[in-house]
Amino acid sequence: MDLKFQVEHRCPETHARAGRYFATHGMVETPIFMPVGTVGSVKAVDPRDLEEAGAQIILGNTYHLGIRPGIDTLIALGGMHGMADWHHPILTDSGGFQVMSLAKIRKIDERGVQFRNHINGALLDLTPEHSIEIQEAIGSDICMVLDHLAPSTAPRAVHEAAMQRTTRWALRCLAAHKREDQALFGIIQGGIDHELRRWHVDELCQHPFDGFGIGGLSVGESIPEMYAALEVTAPRMPEDRPRYLMGVGTPNDLVEGVARGVDMFDCVMPTRNARKGGLFVDGGRRHVNIRNACYRDMRDPVDSTCDCYTCRHFSAGYLRHLLIAKELLAYRLLSIHNLRVYLRLMETIRAELRAGTFAKFLEDWRRATGSNSALNA
RNA sequence: GUGGGAAUAGUUCAGUUGGCAGAGCACCGGAUUGUGGUUCCGGGGGUCGAGGGUUCAAAUCCCUCUUCCCACC
């Protein structure tokens, strides 16, 4: 277990580090961004697109895959690797996020979470044990514990209770988890309360998890609040385990997250925004809307400096036309672009860390983006 | 040719006994952070077919004309 993760480079001026995580289906370079494939596909793109964009590991979701196609079908089709023809690592979220995002259709108690699912209203009884069972059927390289996630606006008492329940559920997941070829990550909660965050790190990280998620961020709090909470959480976590900032974020969040010691990120933003026309350009420093009329007759690519398949072959004007006409190709081409921007940003960050120039990169990034997020630590 | 119906935003249409010109879609802009592709917020838009009449006041009532649709000859 201890050999699964190796830190190889550290940035002395920040908490940033570069390393390798050895999963069952291959090695992952960190810091890494993981495209989100909730229901068994990264929306609009296929495994070849993902490989060409530089993806090394993708996400699946326990709640969604547990409902459809369900455990029996997942097993029959060879798990997510088999059915999706993706032969690199996969991480599965436990369904914890749906505790919050689908709050209207669930009941929660100490046993677990009962969802009336959004497809046909059937009951999904998601206990920590059942979440592990589904994740075993999916066959992910990395499983997440079922956690209790509260909105950032909730009072401290709610966060404290959710945090303590998350610990109890994490230990039940640890006990239920059997497969040697699957890693299991715990999840740190505590909202944006620094004391709760420190408390939960110290409590949960005593247990033999293979890595730790930082949950409960980017759920309504301000950006400075999120960075501040991250700053008291990530550097306090075990040096020899990967730190995964769940559900985050913008390109700026990735840069600032790495600076605070994060190794792994996932976010729907590159793919979801792409389907609405929101594109990241200039290496992620700017965000534009391809639907804007100024792109109507543009023959140049969206970003002439971008090396993605879309920018190498298609004009901004054509992409705008496809999106406005709701042509299915638009979703694929725009998703490919945004994924490549995210994955290339992480390649750049890793290269800067290996070269020992990350601090300079961070300074330049902050100047170029005008972001005002200097480390407090 | 005769009879009937219609004409209001880019488009499809509402518009009450005459009382500040409206909606959906489209268009334009914004939001989107462990994904319910269907979402949300904001904005620009009009000689109410044309001309005349009645009235304090007309998209609305009256007359004439134009265009289109339907039925019949």
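Sequence lines set the chain letters: A, B, ... in the order given, protein chains first and strands last, and positions in each chain run from 1.
Distance CG (A:Leu146) to P (B:rG34): 17 Å, rounded to an integer number of Å. Note: CZ (A:Arg68) to P (B:rU35) measures 15 Å, nearest angstrom. Distance A:Ile105 CD1 to B:rU35 P: 13 Å, rounded to the nearest Å. In this structure, the CG atom of A:Leu230 is 15 Å from the C1' atom of B:rG34, given to the nearest Å. Rounded to an integer number of Å, the gap from OH of A:Tyr295 to C1' of B:rC28 is 15 Å. A:Met226 places its CE atom 11 Å from the P atom of B:rG34, with the value rounded to the nearest Å. Following rounding to the nearest Å, A:Asn292 (CG) and B:rC28 (P) show an atom-to-atom distance of 9 Å. We find that CD1 of A:Ile324 is positioned 17 Å from C1' of B:rG37, with the value rounded to whole Å.
Around the CD atom of A:Glu180, the shell of radius 6.0 Å holds no more than 12 heavy atoms that belong to other residues, nucleotides or ligands. More than 12 heavy atoms of other residues, nucleotides or ligands sit less than 6.0 Å from atom CZ of A:Arg312. The local environment of CG in A:Asp181 is crowded, with over 12 non-hydrogen atoms from other residues, nucleotides or ligands closer than 6.0 Å.
A salt bridge is defined here as a Lys NZ or Arg NE, NH1 or NH2 lying under 4.0 Å from an Asp or Glu carboxylate O, and A:Glu363 with A:Arg367 meets this definition. Under a 4.0 Å N-O distance rule, the pair A:Lys360/A:Asp364 qualifies as a salt bridge. The existence of a salt bridge linking A:Arg20 and A:Glu8 is confirmed by a sub-4.0 Å separation between a basic side-chain nitrogen and an acidic carboxylate oxygen.
Grouping Ile, Leu, Val, Met, Phe, Trp and Tyr residues whose side-chain heavy atoms lie under 4.5 Å apart, directly or via other members, places A:Phe97 in a hydrophobic cluster with A:Met100, A:Leu149, A:Val219. In the hydrophobic clustering, where aliphatic and aromatic side chains (Ile, Leu, Val, Met, Phe, Trp, Tyr) are joined below 4.5 Å either directly or transitively, A:Trp199 groups with A:Met163, A:Leu196.
Of the candidate nucleotides B:rG34, B:rU33, B:rU35, B:rG34 has the atom nearest to the side chain of A:Met246. Proximity note for A:Phe97 (side chain, C-beta onward) versus B:rG34, B:rU33, B:rG37: the nearest is B:rG34. Of the candidates B:rG29, B:rG34, B:rU33, B:rG34 carries the atom nearest the A:Leu59 side chain, counting heavy atoms from C-beta on. For A:Gln189, the side-chain atoms get nearest to B:rG34 when compared with the rest of B:rG37, B:rG34, B:rU33. Nearest nucleotide to the A:Val268 side chain, out of B:rU33, B:rG34, B:rC28: B:rG34. Looking at the side chain of A:Cys267, the nearest of the listed nucleotides B:rC28, B:rU32, B:rU33 is B:rU33.
Looking at residues two or more places apart in sequence or on another chain, you find no salt bridge (Lys or Arg N to Asp or Glu O under 4.0 Å) involving A:Asp303.
A:Ile214 comes within 4.0 angstrom of nothing in the nucleic acid, heavy atoms only. Residue-level contact check: A:Leu245 touches neither bases nor backbone, having no heavy atom under 4.0 Å from any strand. Within the nucleic acid shown, A:Tyr331 comes within 4.0 Å of at least one base atom, counting heavy atoms only. Heavy atoms of A:Leu91 sit nowhere under 4.0 angstrom from any nucleic acid atom. Residue contacts shown for A:Gly277 are absent, as no nucleic acid heavy atom lies under 4.0 Å away. Nucleic acid contact for A:Arg106: none, since no nucleic acid atom lies under 4.0 Å from a heavy atom of the residue. Heavy atoms of A:Asn61 sit under 4.0 angstrom from primed sugar atoms or phosphate atoms, though from no base atom.
Screening residues 332-345 of chain A for side chain to side chain donor-acceptor pair (under 3.5 Å), with sequence neighbours left out, gives A:Asp49-A:Arg332, A:Asp307-A:Arg340, A:Asp307-A:Arg344, A:Arg340-A:Glu347.
Looking at which nucleotide of RNA chain B each of A:Gly216 and A:Leu328 is closest to, the 5′-most match is held by A:Gly216.
Contact between A:Tyr295 and A:Asn289 at its shortest, heavy atoms only, is CE1-O, 3.3 Å.
For A:Phe209 and A:His177, the distance between ring centers is not under 6.0 angstrom.
A donor and an acceptor atom sit less than 3.5 Å apart, one in the side chain of A:Thr271 and one in the base of B:rU35. Not a single donor-acceptor pair, N or O on each side, falls under 3.5 Å between the base of B:rG30 and the side chain of A:Asn289. For A:Arg275 against B:rU35, a side-chain N or O and a base N or O form a donor-acceptor pair under 3.5 Å.
For the C1' atoms, the distance linking B:rU16 with B:rA58 amounts to 15 Å, nearest Å. When the C1' atom is compared between B:rU54 and B:rC63, the two are found 11 Å apart, to the nearest whole Å. Atom P of B:rU8 sits at a distance of 11 Å from the matching atom of B:rU47, rounded to the whole Å. Separating the P atom of B:rG44 from that of B:rG4 is a span of 44 Å, rounded to the nearest Å. Between B:rC61 and B:rC48, the two C1' atoms lie 16 Å apart (nearest whole Å). A gap of 11 Å separates the C1' atoms of B:rC41 and B:rU32, to the nearest Å. Nucleotides B:rC68 and B:rC62 are separated by 23 Å at their C1' atoms, to the nearest Å. The gap from the C1' atom of B:rA23 to that of B:rA14 amounts to 7 Å, rounded to the nearest Å.
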What does the list of N/O pairs under 3.5 Å between the protein and nucleotides 39-45 of chain B look like, with a distance for each?
none

Pairing of RNA chain B as dot-bracket, 5' to 3': ( ) intra-strand, [ ] crossing, | other strand, . unpaired, with Watson-Crick or G-U pairs under 3.5 Å? (((((((..((((.....[..)))).(((((.......))))).....(((((..]....)))))))))))).

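The phosphate of B:rU35 (OP1 or OP2) has a side-chain N or O of A:Thr38 nearer than 4.0 angstrom.
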